[in-house]
Amino acid sequence: MKIILLAVVTIDGKLARNEHHFVDWSSPEDKKLFYSATRKAGVLIVGHNTFRTFPSPLPGRLHVVLTRDMRDKVDVPGAVEYTDRSPQEIVAGLEARGYSEAVMAGGGAANALFLKAGLVDEIWLTIEPLIFGVGIDLFTGEEVDVRARLLSVEKLNEDGTVHLKYNLR
């Protein structure tokens with residue numbers, strides 16, 4: 001299964017100011033890229049805090065929500081599944097159901113967990129020309145040592161938003 005870690009970050013590498021901060025600061029070009037990639041994959045893997053920032057589940061996608069606390073979590077068949085399984089178990093379960101691609105979309109702890117497990121094939125980063133100074137890093141909570149190979153660089157708009165694609169395999 002191919003897993004693309006897809007994120008938008010500020011120049012200083014922040015995903016958000018805090019765990020409640022919805023990504024309302026990214027460019028229309030980034031939103032279009034996110035929509036397209038997640039729609040194509042059909043599966044979106046996110047941490048519980050990240051999922052809570054969504055106004056509602058995105059249509060046409062299965063949301064696999066990572067959580068340590070399964071109490072009071074109610075799945076929505078075909079749309080939202082809560083899990084406390086390991087990254088390897090999650091991927092195996094998705095493959096068993098016929099999925100061939102998934103988008104890992106944060107937060108920092110979830111990103112690091114999948115990266116450390118060696119399950120991320122590509123990292124797609126949109127860098128917005130903003131600086132928060134504080135906030136949630138792209139990877140948190142796990143020590144990782146990974147070398148990536150740049151696949152492409154694309155300028156998305158005249159404001160200075162760029163999109164980078166890296167291969168980890």
_Pairs meeting criterion salt bridge (charged side-chain N to carboxylate O under 4.0 Å, His left out) with involvement of residues 112-138, two or more places apart_ = Lys2-Glu122, Lys14-Asp137, Lys116-Glu142, Asp121-Arg169
Could you give the side-chain donor-acceptor pairs of residues 146-160 under 3.5 Å, partners two or more places apart or in another chain?
| from | atom 1 | to | atom 2 | distance (Å) |
| --- | --- | --- | --- | --- |
| Asn157 | OD1 | Asp159 | N | 2.9 |
| Asn157 | OD1 | Gly160 | N | 3.1 |
| Asn157 | OD1 | Thr161 | N | 3.1 |
| Asn157 | OD1 | Thr161 | OG1 | 3.4 |
| Asn157 | ND2 | Glu29 | OE1 | 3.0 |
| Asn157 | ND2 | Thr161 | OG1 | 3.1 |

*asked:* Once rounded to the nearest 0.5 Å, what's the spacing between atom CZ of Phe114 and atom CD1 of Ile90?
replied: 4.0 Å
*asked:* Tell me the closest heavy-atom pair linking Phe51 and Pro57, and the distance in Å.
replied: CZ-CG, 4.2 Å
*Quick one: CD1 on Ile127 to CG on Leu164, what's the gap to the nearest 0.5 Å?*
4.5 Å
*asked:* I'd like to know if Leu168 and Ile3 are part of one continuous hydrophobic network [Ile/Leu/Val/Met/Phe/Trp/Tyr, side-chain heavy atoms within less than 4.5 Å].
replied: yes
_Smallest separation among heavy atoms of Thr67 and Met70, with atom names_ = CG2-SD, 3.5 Å
*Mind checking salt bridge (charged side-chain N to carboxylate O under 4.0 Å, His left out) for Lys31 and listing every partner two or more places apart, or none if nothing turns up?*
none
*If you take all heavy atoms of Ala105 and Val46, which pair is closest and at what distance?*
CB-CG1, 3.9 Å
_Heavy-atom side-chain contact between Trp25 and Leu130 under 4.5 Å_ = yes
*Summary of salt bridge (charged side-chain N to carboxylate O under 4.0 Å, His left out) pairs that have at least one residue in residues 93-115, sequence neighbours excluded*: Lys40-Glu101, Glu81-Arg97
*asked:* Let me confirm one number: the CG-CD1 distance from Leu62 to Ile45, rounded to the nearest 0.5 Å.
replied: 9.0 Å
*Between atom CD1 of Ile4 and atom CD1 of Ile123, what is the distance when rounded to the nearest 0.5 Å?*
11.5 Å
*Partner residues of Asp69 under the salt bridge (charged side-chain N to carboxylate O under 4.0 Å, His left out) criterion, sequence neighbours left out*: Arg71
*Pairwise side-chain contact, Leu44 with Val64, heavy-atom cut-off 4.5 Å (strictly under)*: no
*Taking all atoms of both residues into account, what is the closest heavy-atom pair of Gly106 and Thr50, and its distance?*
C-OG1, 3.3 Å
*Return yes when atom CZ of Arg39 has more than 12 non-hydrogen atoms of other residues, nucleotides or ligands closer than 6.0 Å, and no otherwise.*
yes
*In Å, rounded to the nearest 0.5 Å, how long is the span from CG of Leu5 to CG of Asn111?*
4.0 Å
*Does one hydrophobic cluster hold both Tyr166 and Leu6, with members joined at side-chain heavy-atom distances below 4.5 Å?*
no
*Could you walk me through whether Phe54 and Val80 pass side-chain contact (heavy atoms from CB on, under 4.5 Å), step by step?*
CA-CA 12 Å; Phe54 289 19; Val80 180; over 6 Å; no
_Taking Val162 as the starting point, is it possible to reach Trp124 by hopping between hydrophobic residues whose side chains are less than 4.5 Å apart?_
no
*Could you give the distance from CE (Met104) to CG (Leu113), rounded to the nearest 0.5 Å?*
7.5 Å
*What's the shortest heavy-atom distance between Phe139 and Leu115, and which atoms?*
CE2-CD2, 3.6 Å
*Is it true that a side-chain atom of Arg61 and a backbone atom of Ala41 form a donor plus acceptor pair closer than 3.5 Å?*
no
*Does His48 reach the main-chain N or O of Arg68 with its side chain, forming a donor-acceptor pair under 3.5 Å?*
no
*Listed partners of Thr126 passing side chain to side chain donor-acceptor pair (under 3.5 Å), at least two apart*: Asp30, His163
*Looking only at non-hydrogen atoms, find the nearest pair between Ile11 and Pro129 and report the distance.*
CD1-CA, 3.7 Å
*Do the side chains of Leu66 and Val144 join up, straight or via other hydrophobic residues, at under 4.5 Å, putting them in one cluster?*
yes
*asked:* Hydrophobic clusters here meaning ILVMFWY residues chained together by side-chain heavy-atom distances under 4.5 Å, can you tell me if Val65 and Phe34 are in one?
replied: yes
*Please tell me if the side chains of Leu138 and Leu125 come closer than 4.5 Å, counting only heavy atoms from C-beta onward.*
yes
